[in-house]
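Just the heavy atoms: all of them, side chains too, but no hydrogens, waters or symmetry mates, feed the values below.
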Amino acid sequence: MLKQFFSVMGRYLKPYRKYLAWSVVLNFLSQWMNVFSFAVLIPILNILFKIDTAVYTYKPWTWDTLDKDLVVNNAYAYVQELINTNGAFLTLVYMGSALIIMTGLKTLGYFASSAVMIPLRTGVVRDIRIEVYEKVLKLPLSFFSEERKGDIIARMSADVGAVENSITSSIDMLIRQPIAIIVCFATMLTVSWQLTLFVIVVAPLAGWVMGTVSRKLKSQSATVQAKWGDMLAQLDETLGGLRIIKAFIAERKMLQRFININEEYRNEANAMTIRQGAAHPMSEFLGTVIIVIVLWFGGYLILSESNLIDASTFIFFMVILYSVINPLKDLSKASYQIPVGLASMDRIDFILKAENPIKEPANPAPMPSFDKEIELRDVSFSYVEGREILKHINLKVPKGRTIALVGQSGSGKSTLVDLVPRYHDVCAGEVLIDGRNIKDVRISELRTLIGNVNQEAILFNDTFYNNITFGVENATMDQVIEAAKIANAHDFIMESEQGYDTMIGDRGGRLSGGQRQRVSIARAILKNPPILILDEATSALDTESERLVQEALERLMKSRTTIAIAHRLSTIKNADEIYVLYEGEIVECGQHDELIAKNGYYKRLYDMQQL
């Protein structure tokens, strides 16, 4: 477990090493102040209870002669001198003041060591979020077609939150508590190595018991987070399909499904939380057992008058031992927290380590412009091996020409156009632009040449202005207005409350379908790409909206190379070439009149739409 923990932290801690260094220094200072503050207790106890009646005299020292006994002797000699000079009570006041000062320094160091770790904790979590979001942006569309959106959101939110609450919060603990244990054990060894050896024999038994209980937490936590992902996926599906749910009176069915998922999550969370809840009482009990066992052993040594340790020193030893027990409790708590975070990190790594088949070329060829033609040469493609979606596609699109792709649903039209901007890579054959394989071109350069208008207009919860200028740097308001006018969008934008600064709602929810599509066309016009892909851009619109959108599209297509997917064949009559797809193959091609004359599959599709 710790190996995986340090492996995870090694990926993110490098920019924050200075915070780690400061934490180590401050924790060492704090712990030594802790030991010295407890050391003051011995002369206080001796003064109060008149335990030590020996007379101490100051002994000169050098670095060569310095040892524990000399330090203790001179400290006691100094205290006795204070008593002889100022009296026992005033000396007690001085020693109590020293205890207060040292405790203040200790708590100040404790606070400083915690404060210095806050930028590290929040920084690591920020870096994980950014890394996950960046990877989501880079992953191919095929990844998201195989995964539920709700589960991906859960990995980016709940799982990152679990990492923050368990792993990063344990970093401070894993620095402070080992330092506390090292300092306390070093002190205990100087006080009584026999008692310390006894503690070292007894303590690992408690650690073994707590480790046995915590080992199952990682798998339990992974299950809990997976159930949380199921619940978010269900919520996402509900919000997206609310209209259908209401239309089919399926509220009770969806509620029952959500109740079942929620109950499964609750049951798994109960089991994990109960196991986590056992950490504190178990460590408390085992710590008390260790204290009592050492108390028995130390009491035996004192009562048997073995001269190995005196009463006041034994009390000091017990205080230091108790200072070790608390860090051990915190480490046991960390051993319960860390598996939860590691399980969440495994789920996050599912995204971070996902294979991206769309690779950037090692030595990209420049493609600053589009000059000649697009060619698909013997292209085949499949999402799943053995089930080809496209089979041996051959077509050319000369610059400035418009081609249309038609065919039944599932014939591979959308998949074919997705190959041009490399949303997917071909399984066989080549996609060429100006005779250059698109795999040899930098992806950003390739996609700069291409504009998209899809069947479902994809807009963002932002203003009209920001949606139209999306992906276009330094666009002026005049350019935006001109693009909106060409797209037949300017009038209804100006009729809104704040014109181009009006928020359009989630996914453009405040707009009609035709309005959303015209904003999408304005965005493509402003980008001004030489290659245009239209994926059934008018199929979901009413007649009036279709007319307005079709006018905007015709303006957009002027002087551009266009690949259009059409459901309504009437909209592509004027295409320079029409390719008819059936089950992933091109079965016919030609202009509208030629295809009608052939009396083939295209004619059959056209006749069906005339009914």
Side-chain angles (χ1 to χ4, degrees), residues 1-31 109-139 151-182 214 217-226 228-229 232 272-273 276 279 327 329-354 356:
M1 179 184 74
L2 282 178
K3 182 179 178 182
Q4 186 184 0
F5 171 80
F6 287 117
S7 173
V8 169
M9 287 297 97
R11 289 156 53 183
Y12 298 103
L13 288 182
K14 190 175 180 181
Y16 307 101
R17 285 176 296 186
K18 65 179 179 181
Y19 298 110
L20 282 175
W22 273 111
S23 178
V24 170
V25 170
L26 290 168
N27 273 298
F28 261 113
L29 291 174
S30 175
Q31 291 305 325
Y110 183 93
F111 166 75
S113 65
S114 296
V116 82
M117 289 296 286
I118 291 172
L120 182 149
R121 289 176 54 184
T122 56
V124 167
V125 174
R126 176 202 61 191
D127 294 346
I128 292 174
R129 286 198 185 102
I130 292 172
E131 187 179 6
V132 173
Y133 188 78
E134 185 179 17
K135 185 59 181 276
V136 164
L137 292 175
K138 289 180 177 178
L139 283 170
D151 190 50
I152 292 171
I153 293 171
R155 292 173 195 266
M156 293 181 67
S157 55
D159 284 305
V160 172
V163 170
E164 180 178 14
N165 294 329
S166 55
I167 292 183
T168 57
S169 64
S170 298
I171 297 174
D172 191 20
M173 205 179 295
L174 289 174
I175 293 174
R176 175 180 292 121
Q177 308 313 347
I179 289 174
I181 291 168
I182 290 169
S214 68
L217 268 176
K218 185 179 176 184
S219 60
Q220 281 185 323
S221 177
T223 305
V224 168
Q225 297 292 36
W228 178 251
L232 278 183
M272 185 188 76
T273 306
Q276 276 184 304
K329 289 178 186 177
D330 286 340
L331 286 178
S332 74
K333 181 181 177 183
S335 74
Y336 281 72
Q337 287 180 335
I338 289 173
V340 176
L342 290 178
S344 291
M345 198 66 216
D346 286 343
R347 284 171 48 80
I348 293 168
D349 277 338
F350 174 79
I351 295 176
L352 294 179
K353 296 181 179 179
N356 188 353

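Atoms CG and CZ, on D349 and R155 in that order, are 10.5 Å from each other to the nearest 0.5 Å. Rounding to the nearest 0.5 Å places CG of L120 at 8.5 Å from CE of M9. If you take CD1 on I130 and CD on E134, they are separated by 8.5 Å, rounding to the nearest 0.5 Å.
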Kindly indicate, with the supporting measurements, whether the criterion side-chain contact (heavy atoms from CB on, under 4.5 Å) is fulfilled by L20 and M117.
CA-CA 7 Å; L20 282 175; M117 289 296 286; 4.2 Å; yes

Worked verdict on D151 versus R347 for side-chain contact (heavy atoms from CB on, under 4.5 Å):
CA-CA 10 Å; D151 190 50; R347 284 171 48 80; 3.3 Å; yes

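Contact of the D159 side chain with the V132 side chain is not registered, since no non-hydrogen atoms from C-beta on lie closer than 4.5 Å. With contacts defined as side-chain heavy-atom distances shorter than 4.5 Å, the pair D346/F350 does not qualify. Counting only heavy atoms from C-beta outward, the side chains of R129 and E164 approach each other to under 4.5 Å.
Every residue two or more places apart in sequence or in another chain that forms a side chain to side chain donor-acceptor pair (under 3.5 Å) with D127 is listed here: Y16. Taking Q177 as the reference, D330 meet the side chain to side chain donor-acceptor pair (under 3.5 Å) condition, with sequence neighbours excluded.
Minimum heavy-atom separation, Y19 to V116: CD2-O, 3.3 Å. Counting all heavy atoms, side chain and backbone alike, K138 lies closest to N356 at O-ND2, 2.8 Å. When all heavy atoms are compared, the tightest approach of L139 to A354 is CD2-CB, 3.9 Å. Shortest non-hydrogen contact noted between I175 and S23 is CG2-OG, 3.7 Å. The minimum heavy-atom distance linking S113 with R176 is given by the pair OG-NH2, 2.8 Å. Scanning both residues, R11 and M345, for their nearest heavy atoms gives NH2-CE, 3.8 Å.
No donor-acceptor pair under 3.5 Å is formed between the side chain of S30 and the backbone N or O of L26.
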